[in-house]
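Remarks on the structure that follows.
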2 protein chains.
Amino acid sequence: MRHKNYEKYRKIIDAATKVFAKKGFYNAKVSEIAQEAGIADGTIYIYFKHKDDILISLFEEKMQEVLDNMKKQISLESDPLKKIEKFALVHLKLIQDNKDIAEIIQVELRQSSKFMKNYHNTKFFEYLDLIGRIIQEGQEKGLVREDILPGIAKRAFFGALDEMSRFWVLSKKPKYDIETASRQISGFFINGIKK
Amino acid sequence: MRHKNYEKYRKIIDAATKVFAKKGFYNAKVSEIAQEAGIADGTIYIYFKHKDDILISLFEEKMQEVLDNMKKQISLESDPLKKIEKFALVHLKLIQDNKDIAEIIQVELRQSSKFMKNYHNTKFFEYLDLIGRIIQEGQEKGLVREDILPGIAKRAFFGALDEMSRFWVLSKKPKYDIETASRQISGFFINGIKK
DNA sequence: TTAAAAAATGAATCATTATTCATATTAGAA
DNA sequence: TTCTAATATGAATAATGATTCATTTTTTAA
């Protein structure tokens with residue numbers, strides 16, 4: 001199914017992205033998504049099992065793009081501390097350039113236990129782990145303090161970026177520009193963990 | 001209304017806390033809350049305008065407690081950097097001791113735009129601002145670097161703690177104990193911002 | 001060109017639940 | 001104790017919207 005007509009599959013995902021971002025998952029009607037995609041309600045059920053499935057698929061698709069992009073950008077830097085700087089900048093840029101996706105990842109996907117507890121979110125852990133590995137690399141190269149626990153540090157760093165994102169997603173006009181925000185956040189994170 | 005029978009009002013809030021935490025706001029039935037509270041469905045509508053109103057009230061109540069507690073604890077320290085350490089410890093302890101509340105604040109309340117965009121969340125901003133003021137105090141006393149923007153730093157620090165909380169709320173058994181986690185997080189935050 | 005298969009349609013179904021309200025119970029005043 | 005107002009009850013209502021499926025349209029391949 002997923003391979004028969006990828007184009008339409010994507011069209012539905014894109015429509016859903018808009019509608020979920022605007023209304024929130026539970027308040028979004030399947031018929032609205034269909035309308036936004038310019039197809040009939042029933043057609044959605046040819047491509048997706050049910051409404052939940054749209055959200056999950058949407059997330060998988062978008063997250064894969066984010067992940068690929070981030071890996072590529074990171075690999076351009078060799079210094080682990082520079083990689084952290086880069087991570088912050090790329091992450092916040094992504095949020096700014098894709099408000100709808102950001103809002104869904106931010107708000108909708110975290111939503112109920114249904115999604116976060118039951119659906120084991122591999123892609124998200126992979127993303128988090130990019131940070132973890134940078135920190136470990138930094139420790140191996142003697143740039144990062146040995147007593148830093150990468151499992152905690154990666155979450156702290158991601159959380160810092162993420163809270164900044166939430167702030168942007170939820171406020172009308174960003175108060176700080178991305179360069180400033182990313183410089184500040186990576187700045188004190190790096191200062192905090194370096195030797 | 002709110003003052004007539006505060007006891008029952010609280011009973012409903014407590015029941016809702018349990019049910020929302022378990023099922024998520026949208027999947028929680030008003031009748032389940034009523035059952036958990038040991039009252040009839042209709043009684044809920046004597047104390048609350050509608051389902052949304054329960055979530056909002058719940059949040060206001062709980063957040064006020066959290067806020068009062070945090071203010072008290074913080075005021076016991078005089079050194080701003082110690083205050084930050086204390087903040088982290090108290091915050092994470094709260095999460096650990098109140099899983100249900102944590103889950104709701106964490107997951108449910110951030111949920112749809114409905115709550116986060118339309119309902120202006122004063123209590124949350126007040127909480128965030130506790131951190132902001134500690135940082136400013138640190139700058140005034142010459143302990144924190146002048147180039148740190150408190151508006152960004154407070155979000156980063158809160159975000160770091162919050163992401164750690166999410167991890168706990170969503171995973172069965174905590175991998176790190178609170179003392180370790182809070183020491184690590186406040187540790188590199190303080191290192192990151194201090195002169 | 002034509003027939004079968006695949007894809008798309010959208011009106012109808014059907015379950016689900018928030019909310020209401022006529023009725024019953026309880027508490028407090030007289 | 002009795003009456004009245006305040007509370008509480010829970011069955012009935014009524015809207016909602018996800019999902020199905022009989023029918024139509026489009027595509028494919030012979």
Side-chain angles (χ1 to χ4, degrees), chain A residues 1-59 61 104 107-109 111-115 118-119, chain B residues 1-59 104 108-109 111-115 118-119:
Chain A
M1 207 183 291
R2 188 133 308 179
H3 301 289
K4 277 289 160 54
N5 190 344
Y6 188 65
E7 195 193 330
K8 188 158 285 179
Y9 171 80
R10 283 304 304 237
K11 204 158 79 177
I12 296 170
I13 296 249
D14 288 345
T17 305
K18 275 193 194 162
V19 179
F20 287 159
K22 189 167 168 200
K23 305 267 189 131
F25 178 75
Y26 284 101
N27 294 308
K29 290 173 217 148
V30 172
S31 60
E32 286 178 294
I33 297 171
Q35 183 166 49
E36 177 75 39
I39 58 173
D41 296 13
T43 309
I44 297 217
Y45 290 87
I46 297 171
Y47 294 87
F48 299 90
K49 272 195 281 300
H50 35 241
K51 198 182 165 190
D52 291 10
D53 191 30
I54 306 176
L55 183 58
I56 304 278
S57 305
L58 183 163
F59 184 71
E61 289 280 320
I104 292 172
V107 185
E108 295 313 320
L109 210 100
Q111 174 147 116
S112 82
S113 326
K114 201 171 174 185
F115 292 110
N118 302 339
Y119 152 66
Chain B
M1 207 182 291
R2 192 134 307 180
H3 300 289
K4 278 289 161 55
N5 192 343
Y6 188 66
E7 196 192 331
K8 188 157 287 179
Y9 171 80
R10 284 305 305 236
K11 205 158 78 178
I12 297 171
I13 295 247
D14 288 344
T17 305
K18 275 193 194 163
V19 179
F20 287 159
K22 190 168 169 199
K23 304 268 188 130
F25 178 76
Y26 285 101
N27 294 309
K29 291 175 217 143
V30 173
S31 61
E32 286 178 294
I33 297 171
Q35 184 166 50
E36 177 74 40
I39 58 174
D41 297 14
T43 309
I44 298 214
Y45 290 87
I46 297 169
Y47 294 86
F48 299 90
K49 271 194 281 299
H50 35 242
K51 198 181 166 191
D52 292 11
D53 190 31
I54 306 176
L55 182 58
I56 304 278
S57 305
L58 184 163
F59 185 70
I104 292 172
E108 296 312 321
L109 212 100
Q111 170 145 121
S112 83
S113 325
K114 202 170 171 185
F115 293 110
N118 301 339
Y119 153 64

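Every chain is numbered from 1 and lettered A, B, ... according to where its sequence line falls, protein lines coming before strand lines.
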Rounded to the nearest Å, what distance is computed from the [atom1] atom of residue [X] to the [atom2] atom of nucleotide [N]?
X	N	atom1	atom2	result
A/F25	D/dG17	CZ	P	13 Å
B/H50	C/dT20	NE2	P	10 Å
B/Y26	D/dG17	OH	C1'	14 Å
A/E32	C/dG10	CD	P	17 Å
A/K29	C/dG10	NZ	C1'	16 Å
A/Y45	D/dG17	OH	P	13 Å
A/Y9	C/dA7	OH	C1'	18 Å
A/K11	C/dA7	NZ	C1'	13 Å

I'd like a table of atom pairs between the protein and nucleotides 9-13 of chain D - only N or O on both sides, under 3.5 Å - with the distance next to each one.
| residue | atom | partner | partner atom | Å |
| --- | --- | --- | --- | --- |
| D/dT9 | OP2 | B/A40 | N | 2.9 |
| D/dT9 | OP2 | B/T43 | OG1 | 2.4 |
| D/dG10 | N7 | B/G42 | N | 3.3 |

Looking only at side chains, do B/Y26 and A/N27 share a donor and an acceptor under 3.5 Å apart? yes
Using residues 28-44 of chain A as the side-chain source, report each donor-acceptor pair under 3.5 Å to any protein atom, sequence neighbours left out, with the distance given to one decimal.
| residue | atom | partner | partner atom | Å |
| --- | --- | --- | --- | --- |
| A/E32 | OE1 | A/K29 | N | 2.8 |
| A/E32 | OE2 | A/K23 | NZ | 2.8 |
| A/E36 | OE2 | A/K18 | NZ | 3.4 |
| A/T43 | OG1 | A/A40 | O | 3.4 |

Quick one: is C/dA6 close enough that its OP1 or OP2 comes under 4.0 Å of any side-chain N or O from A/N5? no
N or O in side chain of B/N27 less than 4.0 angstrom from C/dT17 OP1/OP2: no
Please report the C-alpha distance between A/F48 and A/I13 in whole Å, then the side-chain angles of each, then the deciding distance to 0.1 Å, and finally whether the side-chain contact (heavy atoms from CB on, under 4.5 Å) criterion is met. CA-CA 10 Å; A/F48 299 90; A/I13 296 249; 4.0 Å; yes
Could you walk me through whether B/Y9 and B/S57 pass the side-chain contact (heavy atoms from CB on, under 4.5 Å) test, one step at a time? CA-CA 10 Å; B/Y9 171 80; B/S57 305; 3.6 Å; yes
N/O-N/O pairs, protein side and nucleotides 22-28 of chain C side, under 3.5 Å:
none

So does A/F25 get a backbone contact from the side chain of A/K51, meaning a donor-acceptor N/O pair under 3.5 Å? yes
Determine, step by step, whether B/I54 and B/F20 satisfy the side-chain contact (heavy atoms from CB on, under 4.5 Å) criterion, reporting the C-alpha distance in whole Å, the side-chain angles of both residues, the deciding distance to 0.1 Å, and the verdict. CA-CA 10 Å; B/I54 306 176; B/F20 287 159; 4.2 Å; yes
Any chance you could measure B/I56, atom CD1, to B/K49, atom NZ, to the nearest 0.5 Å? 10.5 Å
Closest to the side chain of B/K51, out of D/dT19, D/dA8, C/dA18, is C/dA18
Side chains of A/N5 and A/Y47: closer than 4.5 Å at any heavy-atom pair? yes
